[in-house]
Amino acid sequence: MEASLVEDKVDDTESANGSDEHEQTRCVLRGCVPKKILVYGASFGPELEDARNYGWELNEKIDFHWKKLLHKKTEEIIRLNGIYKRLLSNAGVKLYEGEGKIVGPNEVEMTQIDGTKICYSAKHILIATGARAQRPAIPGQELAITSDEALSLDELPKHVVILGGGYIAVEFASIWRGMGATVDLCFRKELPLRGFDDEMRAVVARNLEGRGINLHPRTNITKLVKTTDGIKVTTDHGEEIMADVVLFATGDS
């Protein structure tokens with residue numbers, strides 16, 4: 001059986017400067033792989049601080065270079081991209097790079113990178129374009145970012161407000177806190193990680209607070225406003241928090 005893959009070059013773009021393109025799944029490009037690289041990078045901060053208590057002599061100030069970590073993350077994505085392309089080629093899959101759309105019952109029209117259009121026909125067409133991160137419909141929602149943008153911010157934020165109580169919200173809260181940022185985590189339930197074991201959720205909440213993350217249970221964000229000092233976040237309790245980055249981690253659709 002002949003198989004062809006039309007790779008959408010518009011949605012799957014990732015690099016240190018936002019210009020390189022890769023043939024990968026969301027998990028490799030904008031999910032588990034780059035996120036885990038940031039998790040590993042963030043884990044060294046607290047470990048280095050603890051090392052002082054175990055006889056390690058460190059400089060008074062420990063420097064962290066955010067852009068260097070992003071560069072290393074992109075290098076790993078490029079490496080994995082090459083592996084994916086080889087696996088596809090070895091399996092006999094034809095890879096067409098461009099933006100595809102279905103124009104008939106058995107026909108796909110593809111706009112190639114150079115702008116030319118080609119049509120392909122097939123008995124079966126599988127659509128596997130993934131999902132997009134949700135943005136709550138609140139005033140100022142365009143000021144926030146999603147996990148896609150969080151993986152390649154130009155600068156490391158100093159103060160972050162995160163809306164969401166799932167594992168993506170919890171992981172990014174830990175990442176940014178581990179890198180020295182102030183983090184406020186707002187979620188609708190009493191504990192984060194709804195659907196997981198309640199005892200485990202309570203332990204995670206205590207650990208997050210132990211890391212210095214400010215938890216706001218039973219809290220939703222109602223409005224975002226751009227100011228000269230950053231983004232003013234208003235909650236449904238009337239609380240106002242100033243941040244330079246607001247992350248919506250409220251699921252995909």
Side-chain angles (χ1 to χ4, degrees), residues 14 18 26 30-31 34-36 38-39 41-43 45-46 64 66-67 69-70 73 131-196 201-253:
E14 170 72 5
R26 180 185 176 97
R30 296 185 181 277
K35 182 180 62 181
K36 281 184 171 60
L38 298 187
V39 168
S43 67
F64 171 71
W66 169 253
K67 290 186 177 180
L69 177 59
L70 290 188
K73 171 182 70 75
R132 291 182 180 274
Q134 295 186 61
R135 290 176 176 270
I138 62 171
Q141 57 95 4
E142 72 280 357
L143 299 174
I145 65 172
T146 67
S147 58
D148 287 349
E149 298 84 42
L151 292 167
S152 54
L153 290 174
D154 290 335
E155 301 292 337
L156 178 65
K158 295 180 180 179
H159 192 162
V160 184
V161 173
I162 300 173
L163 176 62
Y167 63 90
I168 291 178
V170 169
E171 284 178 322
F172 272 106
S174 299
I175 288 170
W176 281 322
R177 181 59 193 149
M179 294 174 179
T182 299
V183 178
D184 286 85
L185 180 61
C186 304
F187 46 95
R188 292 177 297 176
K189 299 298 182 179
E190 184 65 32
L191 293 169
L193 299 177
R194 183 184 65 173
F196 288 80
R201 295 169 66 199
V203 171
V204 169
R206 290 196 297 271
N207 287 342
L208 291 172
E209 288 183 312
R211 295 180 182 181
I213 296 170
N214 303 313
L215 300 186
H216 302 264
R218 299 190 182 278
T219 300
N220 212 340
I221 294 176
T222 58
K223 182 171 62 175
L224 303 178
V225 176
K226 182 68 174 178
T227 72
T228 56
D229 297 323
I231 302 173
K232 183 170 70 173
V233 180
T234 303
T235 74
D236 54 359
H237 299 300
E239 184 181 10
E240 293 183 349
I241 309 170
M242 291 301 303
D244 47 335
V245 168
V246 177
L247 170 66
F248 287 157
T250 50
D252 293 342
S253 62

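- Inter-residue side-chain proximity for Leu69 and Leu38 is flagged as met; some heavy-atom pair is nearer than 4.5 Å.
- In this structure, Met179 and Gly41 approach most closely via the heavy-atom pair CE-C, 4.4 Å.
- The shortest side-chain heavy-atom distance between Leu156 and Trp176 falls under the 4.5 Å cut-off.
- Residue Lys223 holds its NZ atom at 14.0 Å from CD1 of Ile231, rounded to the nearest 0.5 Å.
- Rounding to the nearest 0.5 Å gives a distance of 11.5 Å between CG of Asp154 and CD of Glu149.
- Between the CG atom of Asn220 and the OG1 atom of Thr250 there is a distance of 9.0 Å, given to the nearest 0.5 Å.
- A 4.5 Å side-chain heavy-atom check between Pro136 and Ile221 finds every atom pair outside the cut-off.
- Distance alone, capped at 3.5 Å, is enough to place a donor-acceptor pair between the Arg177 side chain and the Arg211 backbone.
- Distance check, rounded to the nearest 0.5 Å: CG of Asp184 to CD1 of Ile162 gives 9.0 Å.
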Exercise for the section: Test side-chain contact (heavy atoms from CB on, under 4.5 Å) on Thr227 and Met242 and set out the steps. Expected result: CA-CA 9 Å; Thr227 72; Met242 291 301 303; 3.2 Å; yes

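- Within the 3.5 Å criterion, the main-chain N or O of Ser147 finds no donor-acceptor partner in the side chain of Lys35.
- When side chains are defined from C-beta on, Phe248 counts as touching Gln141, because their heavy atoms get closer than 4.5 Å.
- Side-chain contact between Lys232 and Lys226: absent, with no pair of heavy atoms (C-beta onward) separated by less than 4.5 Å.
- When all heavy atoms of Leu208 and Pro192 are compared, the pair lying nearest together is CD1-CG, 4.4 Å.
- With Thr222 contributing its side chain and Thr234 its backbone, the two residues share a donor-acceptor pair below 3.5 Å.
- Formation of a donor-acceptor pair under 3.5 Å by the Asp244 side chain with backbone atoms of Lys158 is found in this model.
- At a threshold of 4.5 Å between non-hydrogen side-chain atoms, the residues Glu239 and His216 count as touching.
- Under the 3.5 Å distance criterion, the side-chain polar atoms of Ser174 are left unmatched by any main-chain donor or acceptor of Phe172.
- Shown here for Pro46 and Ala42, the closest heavy-atom pair between the two residues is CD-O, 3.3 Å.
- Val245 has its side chain within reach of Ile145: a pair of non-hydrogen atoms, C-beta onward, lies under 4.5 Å apart.
- Within 6.0 Å of CZ in Arg188 there are 12 or fewer heavy atoms belonging to other residues, nucleotides or ligands.
- Not a single donor-acceptor pair under 3.5 Å links the side chain of Glu209 to the backbone N or O of Arg206.
- For Thr235, the side chain to side chain donor-acceptor pair (under 3.5 Å) test picks out no residue, with sequence neighbours left out.
- Take Phe196 and apply the side-chain contact (heavy atoms from CB on, under 4.5 Å) test, not counting sequence neighbours, and it matches Leu193, Met200, Arg201.
- Leu185 has its side chain out of reach of Asn214: every pair of non-hydrogen atoms, C-beta onward, lies at least 4.5 Å apart.
- Asp252 and Ala133 make their closest contact through OD1-CA, 3.3 Å (heavy atoms, listed as atom of the first residue, atom of the second, distance).
- When all heavy atoms of Ala144 and Arg135 are compared, the pair lying nearest together is O-NH1, 2.7 Å.
- Atoms CG and CG, on Leu153 and Leu247 in that order, are 9.0 Å from each other to the nearest 0.5 Å.
- Closest of all the heavy-atom pairs between His159 and Ala243 is O-CB, 3.5 Å.
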